Amino acid sequence: MNDRTLDRPWMLIAEREITTKLRDKTFIGSTLVMLVVVLAAVIVPALLSGNSEPDKIAVTSDAGAAVVAQADAAAGGSGYEAVRVADRAEAEKRLETDAAAALVPAADGYVLIGKEKVDSGVESGLRAAVAAVGMEQNAAKVGLTPEQLRAGTQVTQELLEPGSLPAGVSDFVNLGMALVFYMTALGFGMMIAQSVVQEKESRVVEILAASVPIRSLLWGKVIGNATLALGQILVIAIGSVIGLTVTDQLDILSVIGPVVGWFVVFFILGFVALAGLWAVAGSLATRQEDLGSTTLPGQMILMIPFFFSVFAGSTAKTVASFVPIASSMSMPGRMLTEDVPLWQPLAAIAILIATTVLIIRLGARLYERTLLQTGRRLGYREAMALEAR
Amino acid sequence: MLRVAGLTRRFGEQLALDDVTFDVVPGRMTGFVGANGAGKTTTMRIILGVLAASSGEVFWQDKPLTQAVRQDFGYMPEERGLYPKMKIRDQLIFFGRLHGLAAGAAAERVDKLIGRLGLAERATDVLENLSLGNQQRVQIAAALVHQPIALVLDEPFSGLDPLAVDAMVDLLREEVTPEVPVLFSSHQLDLVERLCDDLVVLSRGKVVAAGPVSELAASQTPTYRLVVDGDAGWLRDLPGLRVRDVAGGTALFDVEDDAVAQQILQQAIGRGPVLEFGPERVALSDVFREATR
């Protein structure tokens, strides 16, 4: 009977933590809701903007059809489609059904007819095409080829400091990365705190403490929930990759791809550092209702850097990307949108590791001392002053 | 054998345990009694490593108790509690594994135990849907699931009706093999008297009496009971005895030796009819009161 030992009790604790959550309908439900929201965010804009059907333009002549063909070529080949009709009256009728506009010859060029209005994109596309076709014809009359006509009119763009993403997009991606960390760390942090206080509330903690070292309990909870958090992010990431593939937007991945590894490293370290704190928040409480006040420091530690990293200027953001926890929210985003030298993320990781070790040590100490105090809610200062068990 | 040696524990200024020493012998049930706040739960928590001792040590088979050995102990804390929203079979398997059983062995053992407790049909119910009595059974099962090498039960019978107490006692008798030392605390002295072989009495953090129940009872000065037809007040004037109580013809008194008792009986017969005479059986509650006085 005596030869049994449990080598890694934290694994068993982590396993229980994970299987309990995976059977929890609320957890599965909220993950599904998040998946649907992310999929919608990826797919819906693509469906709205990337309407792949070409606009139908009613034309009454070959010349008109040639103009639409020119506009279509200028727009990349899927912009406009000419619909041949007999006359202006029939063209106007087509506007009632499927045509976006009608292009009919006039005294000096063309008239563009719309029903209530003509889409400005359609208008400028056709205007440019009419001008190009017309000028080529005029040039031919005086003996110039289209190439001669366009000689010396090309403009190309060069950027001295090219960002890898357009400004609007980079803000969005920065916010997105900070938000993913913020939401996940807060959501799973609260789950850790709740799981700890549930064990205190149901008094099962005394049996646990009598069976395995208290530190194993702490590590089991932290590792179990970190695994769940990463798993949830993975599910959502796979969901959005599928969404991007379906809507033909995979080129975004080649931009985000290189920082995914960094994001995971910053995520795990930042998450584990905070997890220690969340577990303490749970062990200070004696009932679920106490969590509101005991988790306040954890919420602040997340919320302040989040708003800072989202709304601060670029210098402040650079500073924030070295501050522990804040770095988890801002460094991956910075690396995506700016040209960050390699030493910077490495230094930020070193600082984060040092902080994580410190917080986990302090957290484990507080956790050990407060876990079995089931009498009343304790404050952080009070907990620091407690003697060892 | 489980030995508690010189345990002392302070909570701030307060001395909760003061040099507590006793043995829990295998195959014998040791009852652990004492008033509220005497230090029973503190002692048990220290044995289980949930609390640290300020000084003193716990020994198992004459070696200091280690975490590895302690993992094979069974413990039922005074504050009951398991996972309320976990299915009882899953829950018991978890506790079995927590004590070092392999998953398969734990499942096999749990199925057997659940069957014996008459809970086989409720195996997939979550704990909080069970009646309190059944929850208590699951709780004792959680302490027994890994076939512990020693059992520490803090107030195992509190809140149980007499039938449930009998059922639990039967279960303990079946499950606990002769080499397992059992320590249990209780307020119910009649139960302790019925079940225990040995007794440890704790008062204000100190052991005031310890040993086999029979010896502890025998060491008391014998008390006699006399009932006469008439008034027994004359007993008060006699030498060599201490009168505990006289009410009409009924008297309770302690004597220094049995010879004095016989002299008193003869006197009583001389004075009139004697309805009853004999030594009073010493109740454990008297031992307890005497020891903690």
Side-chain angles (χ1 to χ4, degrees), chain A residues 1-27 194-217 220 224 286-288 368-375 382 385-389, chain B residues 9-12 41 44-54 60-61 66-87 90-91 93-103 105-106 127-128 139 142-143 146-150 152 154 177 179-180:
Chain A
M1 247 193 289
N2 267 324
D3 52 353
R4 307 161 302 187
T5 44
L6 187 58
D7 298 332
R8 286 181 286 275
W10 61 265
M11 277 179 77
L12 188 58
I13 304 288
E15 184 190 314
R16 200 200 78 87
E17 220 40 46
I18 292 170
T19 52
T20 307
K21 277 286 159 358
L22 290 183
R23 285 180 196 162
D24 181 2
K25 290 188 188 82
T26 335
F27 176 72
Q194 274 164 6
S195 154
V196 172
V197 80
Q198 271 164 14
E199 284 173 0
K200 282 188 81 170
E201 218 174 6
S202 69
R203 309 290 194 224
V204 74
V205 66
E206 192 162 341
I207 297 184
L208 297 177
S211 317
V212 295
I214 289 187
R215 267 169 207 247
S216 305
L217 286 180
T286 55
R287 295 166 301 145
Q288 295 283 345
E368 281 187 317
R369 287 171 191 202
T370 54
L371 188 61
L372 293 167
Q373 306 267 344
T374 51
E382 213 176 342
L386 276 183
E387 299 172 54
R389 295 183 283 138
Chain B
R9 169 72 201 204
R10 279 184 192 79
F11 291 110
T41 296
M44 289 179 151
R45 284 181 163 179
I46 290 174
I47 294 174
L48 266 300
V50 173
L51 213 60
S54 304
W60 174 251
Q61 319 291 34
T66 61
Q67 174 68 31
V69 171
R70 198 180 271 139
Q71 198 189 289
D72 291 341
F73 280 21
Y75 178 40
M76 185 163 165
E78 182 184 22
E79 295 194 271
R80 308 275 189 270
L82 297 169
Y83 289 105
K85 293 191 192 307
M86 209 171 164
K87 292 173 183 168
D90 293 351
Q91 179 144 223
I93 290 175
F94 171 74
F95 285 112
R97 293 178 64 196
L98 208 59
H99 286 286
L101 291 185
L127 184 82
E128 62 182 1
Q139 188 88 42
H146 55 294
Q147 290 173 306
I149 58 172
V152 177
D154 201 351
T177 45
E179 70 273 14
V180 177

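Chain letters run A, B, ... following the sequence lines, proteins first, then strands; residues in each count from 1. Please read all numbers here as calculations on a predicted model, not as lab measurements. Hydrogens, waters and symmetry mates are skipped; everything else that's a heavy atom, side chains included, is used.
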Taking the side chain as C-beta and beyond, is there a heavy-atom pair between B/Phe94 and A/Leu208 under 4.5 Å? yes
Okay, B/Phe95 and chain A: the region with an atom under 4.5 Å from a heavy atom over there is side chain
Okay, B/Met86 and chain A: the region with an atom under 4.5 Å from a heavy atom over there is side chain
Quick one: are B/Gln67 and A/Pro213 in side-chain contact, heavy atoms under 4.5 Å? yes
Taking side chain as C-beta onward, heavy atoms only, is A/Glu199 less than 4.5 Å from B/Tyr83? yes
Between A/Ser211 and B/Gln71, the two heavy atoms sitting closest are O-CG, 3.6 Å
Can you tell me which portion of A/Glu201 sits under 4.5 Å from chain B's heavy atoms? Options are side chain, backbone, both or neither. neither
I'd like to check B/Leu82 versus A/Ser202 (side-chain heavy atoms, cut-off strictly below 4.5 Å). Are they in contact? no
Is the shortest heavy-atom distance from the side chain of B/Leu98 to the side chain of A/Ile207 under 4.5 Å? no
Looking at every heavy atom in both B/Arg97 and A/Glu15, which two are closest together, and how far apart are they? NH1-OE2, 2.9 Å
Need one label for A/Gln198: side chain, backbone, both or neither, based on atoms under 4.5 Å from any heavy atom in chain B. neither
Between B/Glu79 and A/Glu206, is there a donor-acceptor pair closer than 3.5 Å when you use the side chain of the first and the backbone of the second? no
